[in-house]
Protein chains: 4
Amino acid sequence: MKAIVVKPPKPGVEIKDVEFKEDKLSTVGLVKIRILENGICGTDREIVNGKRTSVKPPAGKDELILGHEAIGVVESGGYGLKEGELVMPINKRGCGKCLNCLIGRPDFCETGEGLVAGTRGLDGFMREYLYDDPRYLVKIPPSIRDIAILAQPLADLEKSIESILITQRRIPIWTCEDGTYNCRNALVIGTGPTGILFSLLLRSYGFQVWISNRRELLDNEKAILDEPGINFYNSANGYEKLVTAEGKFDLIIDTSGSSASIIQQLVPLLKNNGILGLFGFPRYDSFSLDYKTIQDFVINNRVILGLDNGQKPHFQQALIHLASWKSLWPKTASMLITKTVSINNAEEVIRSLKEKAPGEIKVKIVWD
Amino acid sequence: MKAIVVKPPKPGVEIKDVEFKEDKLSTVGLVKIRILENGICGTDREIVNGKRTSVKPPAGKDELILGHEAIGVVESGGYGLKEGELVMPINKRGCGKCLNCLIGRPDFCETGEGLVAGTRGLDGFMREYLYDDPRYLVKIPPSIRDIAILAQPLADLEKSIESILITQRRIPIWTCEDGTYNCRNALVIGTGPTGILFSLLLRSYGFQVWISNRRELLDNEKAILDEPGINFYNSANGYEKLVTAEGKFDLIIDTSGSSASIIQQLVPLLKNNGILGLFGFPRYDSFSLDYKTIQDFVINNRVILGLDNGQKPHFQQALIHLASWKSLWPKTASMLITKTVSINNAEEVIRSLKEKAPGEIKVKIVWD
Amino acid sequence: MKAIVVKPPKPGVEIKDVEFKEDKLSTVGLVKIRILENGICGTDREIVNGKRTSVKPPAGKDELILGHEAIGVVESGGYGLKEGELVMPINKRGCGKCLNCLIGRPDFCETGEGLVAGTRGLDGFMREYLYDDPRYLVKIPPSIRDIAILAQPLADLEKSIESILITQRRIPIWTCEDGTYNCRNALVIGTGPTGILFSLLLRSYGFQVWISNRRELLDNEKAILDEPGINFYNSANGYEKLVTAEGKFDLIIDTSGSSASIIQQLVPLLKNNGILGLFGFPRYDSFSLDYKTIQDFVINNRVILGLDNGQKPHFQQALIHLASWKSLWPKTASMLITKTVSINNAEEVIRSLKEKAPGEIKVKIVWD
Amino acid sequence: MKAIVVKPPKPGVEIKDVEFKEDKLSTVGLVKIRILENGICGTDREIVNGKRTSVKPPAGKDELILGHEAIGVVESGGYGLKEGELVMPINKRGCGKCLNCLIGRPDFCETGEGLVAGTRGLDGFMREYLYDDPRYLVKIPPSIRDIAILAQPLADLEKSIESILITQRRIPIWTCEDGTYNCRNALVIGTGPTGILFSLLLRSYGFQVWISNRRELLDNEKAILDEPGINFYNSANGYEKLVTAEGKFDLIIDTSGSSASIIQQLVPLLKNNGILGLFGFPRYDSFSLDYKTIQDFVINNRVILGLDNGQKPHFQQALIHLASWKSLWPKTASMLITKTVSINNAEEVIRSLKEKAPGEIKVKIVWD
């Protein structure tokens with residue numbers, strides 16, 4: 001079958017014929033899936049461009065099938081799935097050892113030995129066919145198929161907000177005088193796909209949301225943020241003006257994924273009891289906090305929280321939110337998939353895997 | 001202004017002119033609202049038919065404006081609300097004394113002295129105009145206005161499922177092997193509006209759902225339950241066949257609101273660690289449990305939980321779910337409002353307030 | 001080796017020689033333990049008197065070694081335990097199938113297939129020697145050995161109060177104006193060992209506590225309740241006077257273990273948001289609640305909660321509380337072990353296994 | 001009346017006569033208390049030595065009565081307190097504005113406007129008499145009066161561990177295979193009073209505990225750590241040897257209160273899902289983390305948590321733990337108060353307020 005293949009850590013990617021084999025990961029049984037579409041994510045591009053060092057092909061191989069965002073159709077059902085149903089495979093798989101993996105939550109794996117499709121020890125989803133375990137398959141409602149590919153990246157954010165809200169339960173009351181989060185304000189750093197999806201999600205949870213970047217918004221970004229009422233701030237000259245106008249923040253999420261030094265700008269922007277969620281992977285540099293900032297951090301019960309990927313419950317929650325956005329913010333929802341490329345247009349697929357277009361939110365590869 | 005008025009405990013209802021006054025309930029400020037539509041609920045009919053004993057007009061009055069489900073438009077804004085925005089007033093208001101009311105959660109009022117619009121000590125929402133406190137107003141997204149009136153009854157169920165899931169946290173693991181609730185089964189008793197909305201909501205949370213009544217489903221009920229994959233069981237001859245086929249249940253919700261005796265049929269249907277939520281108000285009779293059933297209840301960590309009305313965070317959550325249903329189950333969503341009556345058609349309004357039509361889910365009164 | 005043996009469902013008990021064998025329950029390894037003392041509990045007496053129907057010897061046997069409360073000394077260590085250390089074996093063992101058992105919490109077993117030493121499918125602890133898995137052994141601090149046998153019955157109550165407090169988290173605020181439980185009142189039904197231990201534990205959690213029985217207190221019971229400031233109420237003529245004087249209750253625990261009918265007296269004594277915990281096993285009769293009481297239960301967010309046995313974390317928590325009671329309430333602590341019998345005094349052992357003495361809290365059998 | 005008085009930010013302290021006045025802080029009523037004893041804490045010494053910049057006398061004054069650890073006796077009771085009862089006043093008082101302060105939890109004050117006795121805007125407890133609000137008074141059991149003064153510093157740690165355990169609930173399972181924390185390891189930095197009390201508390205919660213300092217233990221410190229089985233590590237040459245021998249840590253608490261740079265040594269010592277609690281106030285320097293360490297922090301769901309002072313529920317929980325330690329670790333408990341000074345020995349009182357003696361855990365000033 002056809003597949004999109006990389007040879008990490010070497011840069012490069014090719015579309016080629018590979019053998020179709022079972023991955024030996026099933027605890028329940030295997031279901032055959034024909035892939036209909038894949039999403040391209042920043043991680044894929046880092047691999048393709050040879051910039052991600054931690055990528056590993058399956059044991060004993062030097063090639064890795066790329067891709068961790070996919071929708072497929074069940075070709076031969078069983079184990080609760082019927083032929084013709086749409087499914088999304090989950091990328092993170094359990095280590096088989098720690099308690100969290102045993103109860104279906106490898107997103108909190110303790111051993112670090114879990115496999116991740118398309119990046120760590122397990123072939124990814126950019127291929128014609130897949131055998132997979134129903135335990136790791138999420139049903140996709142056909143009525144929202146157009147944007148359902150976003151359930152994978154959004155699942156990570158669903159898990160993140162779950163982690164944030166549980167962490168904030170250490171505070172007896174973090175809701176407002178009306179029992180909601182409407183008085184809480186959040187600042188999201190970065191206007192890439194993650195920053196935008198996080199902003200939308202925080203609106204769904206009732207937060208007031210500011211999103212920032214060190215440049216002005218592009219037109220399509222502006223349009224996407226309009227319906228949900230998300231505020232934009234250009235941070236090219238720092239955050240001083242924002243804080244003067246809006247005050248400090250209850251919640252700050254860094255999705256910027258560039259310099260680590262941004263963290264030292266963000267910590268002092270937290271309100272009492274505030275929380276800084278680190279989602280993006282900083283790519284260079286470091287940050288530094290002096291003792292006075294730390295004193296302030298300690299005395300005011302603040303938190304810095306690492307936020308990583310979601311699991312099946314978060315994929316399902318993401319589908320609910322995506323479905324709600326289609327109704328609530330139809331214009332926004334219609335602008336989230338910025339390009340669709342046919343797998344038959346190899347040149348364009350390869351180009352899309354190498355470079356991000358300006359204003360891109362999500363590019364889909366379609367297998368016809 | 002025009003209003004729909006009752007004189008409890010006397011049966012009867014009339015549409016008449018009343019003076020437009022502020023209710024002195026504000027802590028923040030008052031916003032003027034013109035009512036656009038009201039929903040009719042079973043409680044309204046009980047009041048109109050003189051069958052609800054606990055209804056009370058505002059202090060010093062013998063008349064009560066009916067109605068606790070409404071959507072209005074802001075006529076003169078302020079306090080975070082703008083002219084032209086759609087809002088839904090919340091029916092339950094705090095007692096001003098207990099801690100839960102102070103923090104915006106009168107749904108857990110301890111004193112029992114909170115007022116409830118349209119039923120207890122406070123005029124309801126079936127009237128041309130209203131002044132209200134923004135703290136008790138929920139913004140309604142225009143894009144889902146057609147079904148948004150359901151946010152009020154659905155809010156009660158959002159609060160119910162929140163209470164249920166928190167109660168189940170006493171069990172270290174109540175999720176399934178894949179981290180979801182997909183292996184958990186729920187039985188909802190009653191196919192009235194509450195039963196149907198609860199079933200839809202439980203589907204959104206990932207449960208397998210059975211709904212039951214002591215008769216076959218009407219055609220429209222059948223159609224509503226189809227898209228979301230809700231199973232129906234006719235319980236005219238008891239639950240034995242259901243248990244033989246499907247086993248016992250993790251979660252049972254009684255929304256039947258008729259004989260209390262049903263509870264003694266339901267308790268033995270609970271699995272270990274199972275929970276019985278009582279939502280409906282039984283209207284007559286009693287139930288009885290013998291010592292052996294209680295032993296079983298005790299040794300297997302079971303729960304019976306009273307489930308009452310929701311507050312602002314639950315209204316907001318209900319709007320998200322309603323929006324998601326419009327996308328996920330468009331046919332179902334389009335069948336939830338079963339009738340719309342103009343306030344100018346007085347005869348039909350009065351009839352709708354007295355009798356429930358077969359297959360009715362929600363009737364709206366529209367103020368043009 | 002010597003052991004105390006029953007042949008359920010026949011009444012009777014004998015001290016006899018049995019073969020010393022491993023029970024095949026280990027997941028980690030086995031540690032040899034010499035039993036030093038056993039506690040006698042009401043369940044033991046029910047078995048001995050042929051009144052408990054659910055007792056089962058190990059598979060393929062018709063004899064069962066009695067006893068689920070024991071302290072022993074490690075004879076040959078390993079797996080984190082050293083020779084000479086004191087340990088208490090835990091009675092409830094996992095089913096090996098459900099997630100709760102896999103993560104060490106068979107107290108919430110879903111399959112009901114777990115074994116319980118001394119009562120269900122597994123030999124108990126009234127014997128000279130035992131091999132056991134360290135996973136099911138709790139270290140006993142020598143400094144509180146005199147009352148440490150109470151850690152087994154107290155563990156059940158630690159788990160109970162954990163379940164109660166988690167269930168009450170559905171209420172945004174259940175603490176008082178000073179952040180404690182000091183304004184919350186609890187009523188404990190029954191002055192047997194469980195009722196007394198539950199009252200002490202509720203005092204440790206800061207509750208105001210009333211304990212009730214249908215007779216006056218014996219002198220030793222009165223003395224035990226004095227230091228911790230527990231109030232007594234004689235309920236021979238019902239609870240009306242108590243409610244008149246003290247109001248309704250936030251928390252009621254039934255430990256009476258006699259007629260099920262008491263439950264219908266207790267439900268109406270609950271405050272709004274109140275919780276009724278059923279701990280004792282009712283032995284006969286039934287209870288009945290009419291529709292009005294249920295309406296009240298529903299509208300005021302009340303709960304009835306089945307409370308069953310504790311697991312290793314609860315045993316450890318029980319030891320902390322027992323240690324604290326020795327310091328805080330030394331007189332009370334010194335009166336909790338009401339009798340000690342040598343295993344060599346067979347006649348007295350048998351008598352103690354058949355009859356409860358008036359005022360008995362806990363009887364210990366000592367193996368010299 | 002006599003009082004110990006400072007004039008911040010000037011160094012110096014004197015024992016002098018001051019007028020006895022009510023502080024206008026009561027919401028309930030005032031109770032007159034005669035102080036029996038005070039504890040001296042590191043913060044007191046910083047104030048006395050002019051090294052703490054954030055200290056503020058009550059509004060309109062330039063003098064501040066020192067002291068935030070005290071036990072007194074009720075001289076004229078009321079509001080639930082009786083003459084002769086022992087009480088401990090709580091140092092942190094609500095701002096009267098935010099929801100957390102309204103519900104009795106100023107330890108999570110949002111406005112930062114709450115007062116703190118002896119340090120921020122409110123006279124402290126080193127004086128003959130006090131009027132106080134029962135809401136801020138904790139009853140002290142006479143049976144543990146000898147060490148009860150430790151309830152104040154220990155309350156901060158009770159609140160800290162509560163915050164830590166709630167934060168860790170974002171992980172589905174953080175308990176071990178036996179349901180306890182016995183497999184989790186904690187590293188406490190610093191062997192001052194806070195480090196030692198935190199280590200003892202973590203033992204009570206079932207953790208394996210390592211405590212470290214950059215020097216060898218003094219004899220009394222060694223003796224204190226012996227009974228509870230706390231391991232010591234000399235970190236003069238870094239933590240490499242510790243990690244080689246014991247692996248990384250689930251929980252790290254910094255109580256060192258010296259250089260901020262230690263944080264960059266500690267973050268890489270965390271296991272997956274691990275948590276670093278910052279309790280001590282770093283006094284100089286800064287720390288820095290590079291992008292690789294942050295990537296690791298993010299992908300493995302780690303947390304850095306600010307830990308501040310406790311409130312009334314934590315004082316009560318601290319008393320339970322202190323009482324349990326008296327029974328479980330009697331030798332340790334007897335060594336926690338390292339010196340007692342009479343208020344009449346002014347010279348020694350002043351000296352103790354200026355300098356910490358080697359091996360000091362807690363010094364008490366006694367008012368006879």
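Numbered from 1 within each chain, the chains take letters A, B, ... in sequence-line order.
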>> Please give me the minimum heavy-atom distance between A:Thr167 and D:Arg170, naming the atom from each residue.
In response: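 Smallest heavy-atom distance, with atoms named: OG1-CD, 3.8 Å.
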> Of the non-hydrogen atoms in D:Gly280 and A:Val298, which two are nearest, and what is the gap between them?
Replying inline: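 Between these two residues, the closest heavy atoms are O-CG2, 4.2 Å.
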>> Run D:Glu110 and A:Lys248 through salt bridge (charged side-chain N to carboxylate O under 4.0 Å, His left out) and show every step you take.
In response: CA-CA 12 Å; D:Glu110 296 213 2; A:Lys248 294 191 171 190; over 6 Å; no
>> Keeping A:Asn100 on the side-chain end and D:Ile171 on the backbone end, is there a donor-acceptor pair under 3.5 Å?
In response: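 Pair absent, no side-chain N/O of A:Asn100 close to backbone of D:Ile171.
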> For D:Asp290, does its backbone N or O pair with a side-chain atom of A:Asp285 as donor and acceptor, under 3.5 Å?
Replying inline: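 Not confirmed, A:Asp285 side chain does not pair with D:Asp290 backbone.
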With only heavy atoms counted, which part of [X] is less than 4.5 Å from chain A, the side chain, the backbone, both or neither?
X: D:Asp296; value: neither
X: D:Thr175; value: backbone
X: D:Lys159; value: side chain
X: D:Thr111; value: backbone
X: D:Ile263; value: side chain
X: D:Arg169; value: both
X: D:Ile299; value: both
X: D:Cys98; value: neither

Is the shortest side-chain heavy-atom distance between [X] and [Y] below 4.5 Å?
X: D:Cys109; Y: A:Asn272; result: no
X: A:Asp308; Y: D:Asn300; result: no
X: A:Ile294; Y: D:Pro282; result: yes
X: A:Ser288; Y: D:Phe287; result: no

> How long is the span from the CG atom in D:Asn301 to the CG atom in A:Leu278, to the nearest 0.5 Å?
Replying inline: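 If I round to the nearest 0.5 Å, the distance is 11.5 Å.
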Heavy-atom pairs under 4.5 Å with chain D - which of [options] has more of them than the others?
options: A:Pro172, A:Ala260, A:Cys176, A:Ser286; answer: A:Pro172
options: A:Ile173, A:Leu305, A:Leu99; answer: A:Ile173
options: A:Lys271, A:Gln295, A:Arg302, A:Lys292; answer: A:Gln295

>> Can you tell me if D:Arg214 has over 12 outside heavy atoms packed within less than 6.0 Å of its CZ?
In response: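 No, the 6.0 Å shell around CZ holds no more than 12 heavy atoms from other groups.
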>> Under 4.5 Å from any heavy atom of chain D, what part of A:Asn309 do you find: side chain, backbone, both or neither?
In response: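 Contact with chain D is absent: no heavy atom of A:Asn309 under 4.5 Å.
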